[in-house]
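All remarks here apply to the structure that follows.
Not measured: the values here are computed from a predicted model. Both backbone and side-chain heavy atoms feed into the values below; hydrogens, waters and symmetry mates do not.
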Amino acid sequence: MRASQGCGGSAARRTAPDAMRPGAAVTGGEPAIAVAGVGKRFGQTAALRGVSWQASAGTVTALLGPNGAGKTTMIRILATLLRPDTGTARICGYDVVREPERVQALVGLTGQSLSVDGRLSGPENLAMFGRLHRLPWPVVRARSARLLDVFGLAEAGKKAVKTYSGGMRRKLDLAVSLMAEPPVLFLDEPTTGLDPASRHALWDIIRGLVGQGTTVLLTTQYLDEADALAGAVVFIN
């Protein structure tokens, strides 16, 4: 994956909240996320039918709906992990089907299932994801140290992730999704199963990212979470 760019083509350096450096803003009025008439079927089951919505840059959009409504399917399409059967989806103006590599360079994803390796330490997980993004080692080391500090994981040192608490694992999962400093971040029920203190800590981190210009698409089963974080809500039924 290439170094990420901001929506509209401006170079962007997206960082975790501690750096407090403004990233490049979206230019040209292009929505960060634009979905038009998207449909997806799995055999005889229609997972999505005619879904259309947009999200502006530097905002949080909550994607709500009952279990099985297609929220995760929508995120997987936007992240180029699934191809829609109908309609179009664009990230910062790039089509997810025709320009997947450009889209992949712009997005980060934290799914419902943890993507970190429990046998590795926090720093080792971050280094692995950094190299998967083809980042040079000096950048990987610098970003790993910064992210561990921001997410309060530096004190865990070289302990294996399998010894982490649930909240620590979820924070690390979010941290690895930020290694490439993406301007668009997909969070699929990121706080499910967390205790209230860990949930609110993650909320603060998300607010800090948005304050730096990151666009967040959030799926959640908690209405208070959508109310606390989102400036817009999309319902799928």
Value rounded to 0.5 Å, distance of [atom1] in [X] from [atom2] in [Y]:
X    : Y    : atom1 : atom2 : result
L81  : F186 : CG    : CZ    : 9.5 Å
L178 : T110 : CG    : OG1   : 7.0 Å
D188 : L63  : CG    : CG    : 8.5 Å
Q104 : E99  : CD    : CD    : 12.0 Å
L126 : L135 : CG    : CG    : 11.5 Å
L106 : L185 : CG    : CG    : 12.5 Å

Taking [Y]'s backbone N and O only, do any of them form a donor-acceptor pair with [X]'s side chain (distance below 3.5 Å, no angle check)?
X    : Y    : result
K171 : V150 : no
Y94  : E101 : no
D173 : R169 : no
T215 : A32  : no
S52  : G37  : yes
N125 : D117 : yes
S144 : V140 : yes

Does some side-chain heavy atom of [Y] sit less than 4.5 Å from a side-chain heavy atom of [X]?
X    : Y    : result
R199 : P196 : no
T59  : V210 : no
T61  : V216 : no

Ring-face cation contact, F42 with K40, 6.0 Å cut, 45° max = yes

For V35 and M74, what are the C-alpha separation, side-chain angles and deciding distance, and is it a side-chain contact (heavy atoms from CB on, under 4.5 Å)?
-> CA-CA 9 Å; V35 177; M74 184 78 260; 4.0 Å; yes

Where do [X] and [Y] come nearest, in terms of heavy atoms and distance?
X    : Y    : answer
S121 : V161 : C-CG2, 3.8 Å
T163 : A160 : OG1-O, 2.6 Å
L48  : A69  : CD2-O, 4.2 Å
L78  : A89  : CD2-CB, 3.8 Å
P84  : V38  : CB-CG1, 4.1 Å
K71  : P66  : NZ-O, 3.2 Å

Quick one: which residue pairs count as a ring pair (Phe, Tyr, Trp, His ring centres under 6.0 Å) with a foot in residues 199-221, not counting sequence neighbours?
-> H200-W203

Check whether the side chains of T192 and Q221 place a donor and an acceptor atom closer than 3.5 Å, and report yes or no.
-> no

Is [X] salt-bridged to [Y], going by a charged N under 4.0 Å from an acidic O?
X    : Y    : value
E181 : R143 : yes
R41  : D85  : no
R170 : E189 : no

Verify same cluster id: [X], [Y] (apolar side-chain graph, 4.5 Å):
X    : Y    : result
M128 : F151 : yes
I236 : L223 : no
F235 : Y222 : no
V233 : V60  : no
W53  : L64  : no

Which of these passes side-chain contact (heavy atoms from CB on, under 4.5 Å) with L217: I75, L187, V107?
-> I75

Test salt bridge (Lys or Arg N to Asp or Glu O under 4.0 Å) applied to R207 - qualifying residues, sequence neighbours left out | D204

Steps toward side-chain contact (heavy atoms from CB on, under 4.5 Å) verdict (L147, M179) | CA-CA 8 Å; L147 288 166; M179 275 298 292; 3.5 Å; yes

Take atom CG of D224 as the centre, draw a 6.0 Å sphere, and report whether it contains more than 12 heavy atoms from other residues, nucleotides or ligands.
-> yes

